[in-house]
Amino acid sequence: MAARKVLLLCGDYMEDYEVMVPFQALQAYGVGVDAVCPGKKAGDVCRTAVHQGIGHQTYSETRGHNFALNASFDEVTANGYDGLVIPGGRAPEYLAMDEKVLDLVRQFSDAKKPIASVCHGQLILAAAGVVQNRACTAYPAVKPVLVAAGAKWEEPDTMAKCTVDGNLITAATYDSHPEFIGLFVKALGGSVVGSDKKILFLCGDYMEDYEVMVPFQSLQALGCHVDAVCPDKGAGEKCPTAIHDFEGDQTYSEKPGHDFTLNASFESVDASSYDALVIPGGRAPEYLALNDEVISLVKGFADKGKPIASICHGQQILSAAGALKGKKCTAYPAVKLNVVLGGGSWLEPNPIDRCFTDGNLVTGAAWPGHPEFVSQLMALLGIKVSF
C-alpha cells in the first residue's frame, strides 16, 4: 500500500506535461495517484494540449497525448487523500465553473491538506475562494483573476517560479516542475536520500516527448543533477519531440510534441563524471545508433558497469553498441529484432508498462511504464523517498 495517496484534478485540454509529469513522478516515488475528471470515470480519456512559447505574443497550442483516468470523479472525497494536484492548460477555465470541483477544492483547503497548482490551475483556486491573503504565482495571464480574488500576487521572474504559502504550492508553468514536485513531496512529509547523483540523458530530434521529460524532471525533482545532450547541438539549443500514442491503429500515431531544451553540450561530455545514463525512445534512436561518438559514449557507461536506463526504441542504440549481449531486457515490441540480434534475451512487455532490471540495465517498453522505469533506476542509484 502506498505511503501517501493524492488526487489529480483533470479536464479536457489540460497541459500535457502538467498532468503526466507529476502523475508518473509521484508514482515512481511510491505515492498513489488517482486521476479524475468531472463527468468521466476510470478508463475514460482526457485530451491534452501542448502549450509552449515559440516567439509569438502568447503560447501556441497543438494536440497532446490522450490521458487515461484511473478513478471516477463522483466516487472521490478529500477524506481519502493526503493532497491535491491541479494541472494547468485550458481545462481550468471550465472546471472553475463547476460547483462540484470547487466544493472538492474547498474540502482540501479546509482540511489544510497540501494543494499544488500550476499555470492556469490557479483559476480554480480563485473560483473556490481559497487564495484570499495567500501568496501565489501562476502563468502571468492569470494575475488579474488572482488579484481580484484577494491573493498576494508574486510575479514569476522566470517561468520556473514557485511560491509556497502554508499548505498552498503554486507554480508558473511546467518549467517549475522540479521544484514544484519536490515541494509537494516535502509537504506530504517526504524526504529524499541518495540523490547526490549526476545523470546524463542522450537526446535526439524526435525522441518521444514523455520519454524525455518525465524521467528528466522526475530525477531533477529528487535533487539529482541531470544533463541532457544531443550530438551536434549545444546547451540552450532545442530538440523537437514526437508524441507517440495508441489510438486504435495497427501501430502508434505521431503528433508534434514540445521542443525540449538541452542544458549541456555533447562535445564536452565526460562519461566518467556521470553516475548513470538514460536513453529516451521515439524516432531519435534510429539515427543516433549510426553515430560512432554516441556508440562510444554508451560503451563507456556499459564497460564501467554504470546504470543505464533505456526505454521503448532506445534499445536500438544499446543493441548497436553491443550493450545487450547476455542481458535480459524488454523494449517496444517492434524493437524485439534489434534486441535478439544484439545478443539480448527478450522479455515480453506484457503489459506494456512492464519494466525489468538485469544487473546495471533497466529497460522499459513504452512511456506508460515510467513509474516503474524511474523507480528501478532510483533503486540502482540508491535513491530513496520515505514518508
Inset, instruction - Just grab all the salt bridge (charged side-chain N to carboxylate O under 4.0 Å, His left out) pairs involving residues 42-53, residues at least two apart or on different chains. - result: Lys41-Asp44

Legend entry - Pairwise distance CE(Met20) to CD(Glu15) - rounded to 0.5 angstrom: 12.0 Å

Legend entry - ring pair (Phe, Tyr, Trp, His ring centres under 6.0 Å) partners of residues 157-180, not counting sequence neighbours, each pair once: Tyr17-Tyr174, Tyr174-His258

Legend entry - Those residues that, when tested against Tyr274, pass side chain to side chain donor-acceptor pair (under 3.5 Å) (two or more places apart): Asp227

Legend entry - salt bridge (Lys or Arg N to Asp or Glu O under 4.0 Å) partners for Asp232, two or more places apart: none

Inset, instruction - Would you please name every residue forming a side chain to side chain contact (heavy atoms under 4.5 Å, CB included) with Val164, sequence neighbours left out? - result: Ile169, Leu183

Inset, instruction - Keeping to residues at least two apart or across chains, list the side chain to side chain donor-acceptor pair (under 3.5 Å) pairs with something in residues 109-120. - result: Ser117-Gln122

Legend entry - Residue list, side chain to side chain contact (heavy atoms under 4.5 Å, CB included) with Gln107, at least two apart or on another chain: Thr77, Ala78, Leu104

Legend entry - Qualifying residues under salt bridge (Lys or Arg N to Asp or Glu O under 4.0 Å), relative to Lys336, sequence neighbours excluded: none

Inset, instruction - Using side chain to side chain contact (heavy atoms under 4.5 Å, CB included) as the criterion, list what pairs up with Tyr287, not counting sequence neighbours. - result: Asp205, Cys230, Ala284

Inset, instruction - Could I get the full list of side chain to side chain donor-acceptor pair (under 3.5 Å) partners for Thr251, not counting sequence neighbours? - result: none

Legend entry - Partner residues of Lys197 under the salt bridge (Lys or Arg N to Asp or Glu O under 4.0 Å) criterion, sequence neighbours left out: none

Inset, instruction - Could you pull out all residues at least two apart from Tyr252 that satisfy side chain to side chain contact (heavy atoms under 4.5 Å, CB included)? - result: His244, Phe246, His313, Tyr332

